[in-house]
2 protein chains.
Amino acid sequence: MSSVSTSTGRQRILDVAAALVLDRGIDGVPLRQIADIVGMKASSLYYHFASKNEIVVAVFRQGIDVMERAWDDAADTPPHHPRARLAIHVRAHLSALFENGPFTAAHVTAFRTAPPDVRAEIIPIRDAYEARWTELLAELAAGGHLRPGTPLGLSRLALFGSMNSTIEWFDADRGNLDELAEVITTGFWDGFGS
Amino acid sequence: MSSVSTSTGRQRILDVAAALVLDRGIDGVPLRQIADIVGMKASSLYYHFASKNEIVVAVFRQGIDVMERAWDDAADTPPHHPRARLAIHVRAHLSALFENGPFTAAHVTAFRTAPPDVRAEIIPIRDAYEARWTELLAELAAGGHLRPGTPLGLSRLALFGSMNSTIEWFDADRGNLDELAEVITTGFWDGFGS
DNA sequence: GTCTATACCACGATAGAC
DNA sequence: GTCTATCGTGGTATAGAC
């Protein structure tokens, strides 16, 4: 298992690149800066990757991979009643955003400004992840657990927005991810009104 | 009243810059591209602005200004019961995001990767806008209309996330903003569960 | 208020030694 | 697998004519 400080070679480059891209965006990160932090010269990056775009694609891929793994882990737990099933996947998505490196967060924040060819390569992969959520919400709706009348796509997008926007303000070092997941789940399920 | 196609000089530069920054991020937009679309040379931009950062600051300022004006218009309407009061301000915020140029959306999406000095100049201004929301939510909570136990800051951030993340998917040309505002308000107030 | 010309630097990327 | 050296391009910004 790799961690940021112990990874080597290709993975170490991706760790550094993901953190920087999350912070400054794709165009805000020169290859020279990635290389500096890794401890090599920019030209040496080209032994591991053919281009900057290829690094970005690898970062995004790994970000989606982290999300899918978190989903799979969550899906392993025994079946719950509907709300708990949602809660466990919300917690998993937040885990991908905050507990497994900067990859998922980098993907979520930087994808919108990525070059068209990078986007084209990533879209099919992220679609597969989104389809899992659509399916989960469809099952909840079929069981009568979601308000009728709201299109499924809308509630999925609202949930994604609510989860992903935590990147802007949640501090994983100070806050509690379980509590955050509970707030988001409750907000989605019951709302904040009373 | 200025519109994108008829504005001139300084405002025309800002209109173009805001649209491009929304699309590609700050570092993804060369001054030459702004100048091209405006119909001048890049060097001529320096007659109107001292630096690229100054353009970005002006774009963000206007984005916040649009939000505040939308808020003020909403606050002009006679007092409602609590949920309707919230709904009217949600609608106003979405109006700022989609109905008054790309400034507010550019601010929301590009601020996170802005250079530190740009951020420092903008933060106090955006804080004032956020304080309006905090105050509104505090009044709702004081009236017993928000679920007790959820910190006010959390519900404000959840609401912001839900509204601002619509930038990623809502198509103002095809969708209905009133309906969107209703979905978001209902989602915040009552949730999506049943 | 916009132009031409240009300075200066940083960018991504390649070649080839070690 | 990393280095030095370098190429070509394009970035922000300035000077000065018109």
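So you know, we letter chains A, B, ... as the sequences are listed, proteins then strands, and number each from 1. For clarity, every value in this text was computed on a predicted model and none was experimentally measured.
- At a threshold of 4.0 angstrom between heavy atoms, the contacts of A:V38 with the nucleic acid are absent.
- Close to D:dG1, at under 4.0 Å from its OP1 or OP2, lies no side-chain N or O of A:S44.
- Classified by interplanar angle (parallel below 30°, tilted 30° to 60°, perpendicular above 60°), the ring pair B:F160/B:H93 is tilted.
- Regarding A:Q33, its CD atom lies at a distance of 8 Å from the P atom of C:dC11, rounded to whole Å.
- One can place NZ of B:K41 at 16 Å from C1' of D:dA17, the figure rounded to the nearest angstrom.
- The shortest distance between the side-chain N/O atoms of B:Y46 and the OP1/OP2 oxygens of D:dA13 is below 4.0 Å.
- In this structure, A:L31 places its CG atom 12 Å from C1' of C:dA10, rounding to the nearest Å.
- Side-chain nitrogen and oxygen atoms of B:K52 include at least one within less than 4.0 Å of the OP1 or OP2 phosphate oxygen of D:dT12.
- Inter-residue side-chain proximity for B:R156 and A:W169 is flagged as unmet; no heavy-atom pair is nearer than 4.5 Å.
- More than 12 heavy atoms of other shown residues, nucleotides or ligands fall within 6.0 angstrom of atom CD in B:E99.
- The closest side-chain donor-acceptor pair between A:H89 and A:R132, if any, does not fall under 3.5 angstrom.
- For the pair B:H48 and A:S43, both in contact range of DNA chain C, the more 5′-proximal nearest nucleotide belongs to B:H48.
- Contact between the side-chain N/O atoms of A:R32 and the OP1/OP2 oxygens of C:dA10 is not found at any separation under 4.0 Å.
- Here D:dA17 presents its P atom at 18 Å from OH of B:Y47, a figure rounded to the nearest Å.
- B:S51 comes within 4.0 angstrom of sugar-phosphate atoms only, judged by non-hydrogen atoms across all strands, and of no base.
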